[in-house]
Amino acid sequence: MKEKPLKQQSIDELYQNEQNTIKDFTRNSVILIIIIAISIFLTAEKGFGLITFLPIFSSYSILSSYFRLKNIREEIKSRLIHLKQ
């Protein structure tokens with residue numbers, strides 16, 4: 001199911017999306033740290049290989065979560081500024 005654009009969501013939906021995105025970002029960060037640790041260990045044991053560059057390939061999910069969270073927070077901030085005026 002396709003999600004509504006941020007401009008069309010209510011403030012409650014934005015807060016809910018923010019919480020979900022924070023959870024995704026945290027989970028992806030932990031997974032990426034584990035992948036980096038495994039990559040460092042295997043590189044130290046066996047030398048350079050494809051596994052050395054695995055963290056670079058798996059960083060897309062954490063970057064997309066980060067930019068989504070940034071966009072949601074900007075939208076919330078813009079709405080709160082409009083409410084204060």
Side-chain angles (χ1 to χ4, degrees):
M1 185 165 108
K2 189 164 179 158
E3 188 175 298
K4 293 191 296 187
L6 294 177
K7 298 268 185 205
Q8 295 178 358
Q9 293 181 12
S10 69
I11 194 77
D12 292 331
E13 289 174 326
L14 287 172
Y15 280 128
Q16 185 65 35
N17 282 339
E18 181 184 29
Q19 293 302 318
N20 291 339
T21 307
I22 289 172
K23 289 177 189 176
D24 289 343
F25 181 74
T26 305
R27 183 187 67 235
N28 291 340
S29 298
V30 169
I31 291 171
L32 186 62
I33 289 171
I34 292 170
I35 290 172
I36 289 171
I38 291 171
S39 176
I40 290 171
F41 176 75
L42 290 176
T43 300
E45 290 291 317
K46 297 184 180 190
F48 286 99
L50 181 62
I51 197 74
T52 304
F53 302 104
L54 187 63
I56 295 170
F57 299 128
S58 61
S59 65
Y60 174 77
S61 62
I62 194 167
L63 289 175
S64 65
S65 295
Y66 171 76
F67 287 120
R68 175 153 174 76
L69 182 60
K70 183 179 173 184
N71 291 337
I72 291 171
R73 286 183 174 167
E74 286 176 359
E75 182 66 28
I76 290 172
K77 184 179 177 182
S78 71
R79 292 205 188 169
L80 291 177
I81 288 173
H82 289 290
L83 289 175
K84 289 181 181 179
Q85 293 177 356

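The first residue in the sequence is number 1, and the count goes up from there.
For the atom pair I51 CD1 and I35 CD1, the distance stands at 8.5 Å (nearest 0.5 Å). With rounding to the nearest 0.5 angstrom, the OG atom of S58 is 9.5 Å from the CD1 atom of I31. Rounding to the nearest 0.5 angstrom, the gap separating the CG atom in L6 from the CG atom in N71 is 6.5 Å. Expressed to the nearest 0.5 Å, how far NZ of K23 lies from CD of E18 amounts to 12.0 Å. If you take CD on E74 and CG on L69, they are separated by 10.0 Å, rounding to the nearest 0.5 Å. Put simply, CD1 on I22 and CZ on R73 are 4.5 Å apart, with the number rounded to the nearest 0.5 Å.
Taking all atoms of both residues into account, the shortest heavy-atom contact from T21 to S65 is CG2-O, 3.5 Å. Shown here for T43 and T52, the closest heavy-atom pair between the two residues is OG1-OG1, 3.0 Å. Considering every non-hydrogen atom in both S61 and S64, the closest pair reads O-OG, 3.0 Å.
Taken together through direct or relayed side-chain contacts under 4.5 Å among Ile, Leu, Val, Met, Phe, Trp and Tyr, I36 and L42 form parts of separate hydrophobic clusters. Under the 4.5 Å side-chain contact rule for hydrophobic residues, I34 and L63 do not share a cluster. Tracing side-chain contacts under 4.5 Å through hydrophobic residues (I, L, V, M, F, W, Y), one never reaches L32 starting from L54; they form parts of separate clusters. In this structure, I72 is a member of the same hydrophobic cluster as Y15, with clusters built from ILVMFWY side-chain heavy atoms closer than 4.5 Å.
The other residues sharing a hydrophobic cluster with F53 are L50, I56, F57, where clustering joins ILVMFWY side chains under 4.5 Å apart.
Residues forming a side-chain contact (heavy atoms from CB on, under 4.5 Å) with I33 (at least two apart in sequence, or on another chain): none. S78 meets the side chain to side chain donor-acceptor pair (under 3.5 Å) test with no other residue; sequence neighbours excluded.
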Exercise. Applying side chain to side chain contact (heavy atoms under 4.5 Å, CB included), run through E75 and Q9 and close with a yes or a no.
Key: CA-CA 10 Å; E75 182 66 28; Q9 293 181 12; over 6 Å; no
Exercise. Apply side chain to side chain contact (heavy atoms under 4.5 Å, CB included) to the pair Q16 and D12, showing each step before the final yes or no.
Key: CA-CA 6 Å; Q16 185 65 35; D12 292 331; over 6 Å; no
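D24 is not listed as a side-chain neighbour of R68, based on a closest heavy-atom distance of 4.5 Å or more.
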